[in-house]
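Everything below concerns the one structure shown next.
Lettering follows sequence order; numbering is per chain, from 1.
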Number of protein chains: 4
Amino acid sequence: MAEQVDRRQALIRAAFAAIADQGFEGFRLRPIAAAAGIDHSTLHHYFRTKEDLIAAVLEHVTSQLEGTMQADLEPARRLRRHLGAVATAIVERPELFIVLDELDLRARRDATMAANIRQDEQGWRAALVALFEEGIERGTWSVDVDASVELVIATLKGLRLRPDTAEVVVKQLCDLYSRGAPE
Amino acid sequence: MAEQVDRRQALIRAAFAAIADQGFEGFRLRPIAAAAGIDHSTLHHYFRTKEDLIAAVLEHVTSQLEGTMQADLEPARRLRRHLGAVATAIVERPELFIVLDELDLRARRDATMAANIRQDEQGWRAALVALFEEGIERGTWSVDVDASVELVIATLKGLRLRPDTAEVVVKQLCDLYSRGAPE
Amino acid sequence: MAEQVDRRQALIRAAFAAIADQGFEGFRLRPIAAAAGIDHSTLHHYFRTKEDLIAAVLEHVTSQLEGTMQADLEPARRLRRHLGAVATAIVERPELFIVLDELDLRARRDATMAANIRQDEQGWRAALVALFEEGIERGTWSVDVDASVELVIATLKGLRLRPDTAEVVVKQLCDLYSRGAPE
Amino acid sequence: MAEQVDRRQALIRAAFAAIADQGFEGFRLRPIAAAAGIDHSTLHHYFRTKEDLIAAVLEHVTSQLEGTMQADLEPARRLRRHLGAVATAIVERPELFIVLDELDLRARRDATMAANIRQDEQGWRAALVALFEEGIERGTWSVDVDASVELVIATLKGLRLRPDTAEVVVKQLCDLYSRGAPE
DNA sequence: TATGAATGAGCCTTCATTCAT
DNA sequence: GATGAATGAAGGCTCATTCAT
């Protein structure tokens, strides 16, 4: 039983790593099975199809990207912390975001994938909405909530492919939102 | 003579369209050739390898994305116009940006592609640097030049996958940069 | 289990036959697979590449050409017997030698093949060296050992393409070496 | 007109060189045309098909291998001179013999080629027959004529793939035939 | 004579998947 | 659960040849 779980995890991790550094174009099942130490036909006992494995990779990725928003801080600081946390994650674990990008692109052709991703994003989006609404309520900012939420999301997504600029960009975005709202 | 150019262009356009709606993972030469009305082996007469064709697609894409920056306007307005123009392009011709994203991702495994893309981006980056430097000189903004440049680029890249939010995000970014510098 | 060996052997035999009567210029994998009764893609299950299959053919050929030298006879008779055995083989199984010739030619462009062939030949050459050395020691012949060895080899190789003359040529060579050393 | 002849010759020479170092397996028309400085489709103006070009190569090769037998010498010396001349040719222009070997092998599948080669060989064979008959008549040797002829031919053909042993082998063959017939 | 375009057959190889063991 | 064998579809690419110009 533990065997099963381990093997499954090993396959997911191997798949994740493969996508991270080869993309979907070169993504083949045989090497994944080999990396997990099993025959390629055995892989199908764990994941019926290639798509099933990919779905599991998405789950794996999003499960690692939760909880970067602390509810108790006041809005400006919360935003700063959140952006900082994501920037740090982009710098420290860029593969996570690379794979997300691959999955995002893939979602355009795969409805199930699109649904899953959208769903995962809803949590993030809701937290940002709450953040900006609170900020406006308190008088910290006078901005459009939805627009700000999408700006933050777009910026962070745009950073995926350029981890080296993450820190500086995030700082700039914070500064723009900090005018009149010093820490 | 005209035939040649047409066929070549037809192949590039077909390849572009295929990448736009299938990505590089289902990207196969035979359907491209078929779409251009020629035998798949004839395609190799125009493009020796698949990579050569892809390179031509990149060229095609970037050639369509030039000239969205007017040099004569004052900085704040120039930024607003530029962001607006890109947002419009994203909305009106989202495939252009989708393909760019696919190419961006591909660049991670293909050095030549990476070099080409980086080079194309340099023009854009330089124009943004000039814009922010002028703005600072004139007292329009007091921001970090490089950080602002990267923020704009990251944001716009992040928008590629969400054309529907482009307008609103761009407006928000403009507003953030417009404080104290009304049109 | 037996199936495996059979299929593998069937492929080797089919490949051997194809090379024997078509040479390497028309040598294609599809017909080989068909001759063995399997799909052409299954062939790759047994031999990863075309080269691997060819290497197996070489092995098959050389394994059939061993043991034509009896160690216990006195030199002149041993030579006569050996030449006779090879001549008989050339007459009775000319394909074996035809394929060897094809492989010899191929060895000029394929280092691995060259090494394998050279190695197989060393056994033969060593036996001939021993034969002539013993003959000289006993006073049967007064000839140059190396030159005689190479003469025998060159003659036999030259016969590959003319099985019809094998017997007569071998007899003549024996006669030349028999002067003063009648049976 | 001279152009034509030159081009034709250039093509033949290029084809010869290609066969000499790649064999027929890798023998392609495009590189031949390129080596002669013309488009690959233009080659078909000089040689209608690939086979026609190959036939021309055979002609070219055999035209270079004539006249190694001097009619006026006495038999033993004539044989020695002839073998020496061929050995020298093998050492100095091994490509000629390599290509001959390729053609010999090819003759097994190509009746026209076989006929041409057989015809070319008849001249050589006739000269050898005359040589041995004269030697027997004069009492130089008491050997079988046909067998000796074939032995010489087989030996020399067997040397094609081992130019390095040519000299030593030829000397040994001469010595065998020289017993009782010193120079 | 020379060429570029075009063809169609074909080649080796790969891959996801299935199935009997 | 695990494996090796097998499949069939496909994929990029090559090649001799033809044809209009």
Side-chain angles (χ1 to χ4, degrees), chain A residues 1 3-4 6-8 25-33 36-54, chain B residues 1 3-8 11 25-33 36-54, chain C residues 1 3-8 11 25-33 36-54, chain D residues 1 3-4 6-8 25-33 36-54:
Chain A
M1 190 83 67
E3 266 294 311
Q4 283 177 45
D6 287 357
R7 280 273 159 78
R8 224 188 119 85
E25 217 185 327
F27 184 58
R28 303 291 138 73
L29 293 187
R30 272 168 164 86
I32 304 304
I38 60 175
D39 188 88
H40 69 276
S41 59
T42 305
L43 182 149
H44 290 275
H45 282 289
Y46 294 94
F47 301 96
R48 207 172 49 78
T49 67
K50 195 180 186 181
E51 298 308 311
D52 289 352
L53 174 56
I54 292 171
Chain B
M1 186 96 57
E3 269 294 314
Q4 278 180 53
V5 175
D6 286 357
R7 281 261 206 273
R8 223 188 120 87
L11 286 167
E25 220 190 322
F27 184 58
R28 302 293 137 70
L29 295 187
R30 273 167 167 84
I32 304 304
I38 60 176
D39 188 88
H40 71 274
S41 65
T42 306
L43 182 150
H44 291 279
H45 188 67
Y46 294 94
F47 301 97
R48 209 170 48 77
T49 66
K50 196 181 186 179
E51 298 308 312
D52 288 352
L53 174 56
I54 292 171
Chain C
M1 187 96 56
E3 268 293 314
Q4 278 179 53
V5 175
D6 287 357
R7 282 260 207 274
R8 224 188 119 87
L11 286 167
E25 219 191 322
F27 184 58
R28 301 294 136 70
L29 294 187
R30 273 167 166 87
I32 304 303
I38 59 176
D39 188 89
H40 71 275
S41 65
T42 305
L43 182 150
H44 291 279
H45 188 67
Y46 293 94
F47 301 97
R48 210 170 48 75
T49 66
K50 195 181 187 178
E51 298 307 312
D52 288 353
L53 174 56
I54 292 171
Chain D
M1 191 78 69
E3 265 296 311
Q4 282 178 45
D6 287 357
R7 279 273 158 78
R8 224 187 121 85
E25 217 185 329
F27 184 58
R28 301 293 137 73
L29 293 187
R30 272 170 164 84
I32 304 304
I38 60 175
D39 189 87
H40 69 276
S41 58
T42 305
L43 182 150
H44 289 277
H45 282 289
Y46 294 93
F47 301 96
R48 208 172 49 77
T49 69
K50 196 179 185 179
E51 297 308 312
D52 289 352
L53 174 56
I54 292 172

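Whole-Å rounding puts the D/Phe47 CZ to E/dT1 C1' distance at 15 Å. Between the P atom of E/dT13 and the CZ atom of A/Arg28 lies a distance of 17 Å, rounded to the nearest Å. Distance CG (C/Asp39) to C1' (F/dA10): 12 Å, rounded to an integer number of Å. Atom CD in B/Glu25 sits about 16 Å away from atom P in F/dA10, given to the nearest Å. Atom CZ of B/Phe27 is separated from atom P of F/dA10 by 17 Å (rounded to the nearest Å). Rounded to whole Å, the distance from CG on B/Leu43 to P on E/dG8 is 15 Å. Across the protein-nucleic acid pair, B/Asp6 atom CG and E/dG4 atom P stand 19 Å apart, rounded to whole Å. The distance between atom CZ of B/Arg8 and atom C1' of E/dA6, rounded to the nearest whole Å, is 17 Å.
Annotated stems with DNA chain F as a participant read E:2-21 with F:2-21, given as range with range, by first number; only runs of 3 or more Watson-Crick or G-U pairs under 3.5 Å qualify.
In plain terms, the two heavy atoms of C/Phe27 and C/Lys50 that are nearest each other are O-NZ, 2.9 Å. Residues A/Leu43 and A/Leu29 share a closest heavy-atom pair of CD1-O, 4.0 Å. The two residues D/Tyr46 and D/Arg8 make their nearest non-hydrogen contact at O-NH1, 3.3 Å.
Mapping C/Pro31 and B/Gly37 onto DNA chain E by nearest heavy atom places B/Gly37 closer to the 5' end of the strand.
A close approach under 4.0 Å does not occur between any side-chain nitrogen or oxygen of B/Tyr46 and OP1 or OP2 of E/dG4. Regarding contacts with the backbone of E/dA5, every side-chain N or O of B/Thr42 stays at 4.0 angstrom or more from both OP1 and OP2.
Here the straight-line distance linking atom OG1 of D/Thr49 with atom NE2 of D/His44 works out to 8.5 Å at 0.5 Å rounding. Here the straight-line distance linking atom CG of D/Leu53 with atom CZ of D/Phe47 works out to 5.0 Å at 0.5 Å rounding.
In this structure, the side-chain contact (heavy atoms from CB on, under 4.5 Å) partners of A/His45, at least two apart in sequence or on a different chain, are A/Thr42. Checked against salt bridge (Lys or Arg N to Asp or Glu O under 4.0 Å), A/Glu51 has the following partners two or more places apart in sequence or in another chain: A/Arg106. For B/His40, the side-chain contact (heavy atoms from CB on, under 4.5 Å) criterion is met by B/Arg30, B/Ala33, not counting sequence neighbours.
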Output a table of nitrogen or oxygen pairs between the protein and nucleotides 17-21 of chain E separated by less than 3.5 Å.
unit_1 : atom_1 : unit_2  : atom_2 : d
E/dT17 : OP2    : A/Lys50 : N      : 3.0
E/dT17 : O4     : A/His40 : NE2    : 3.3

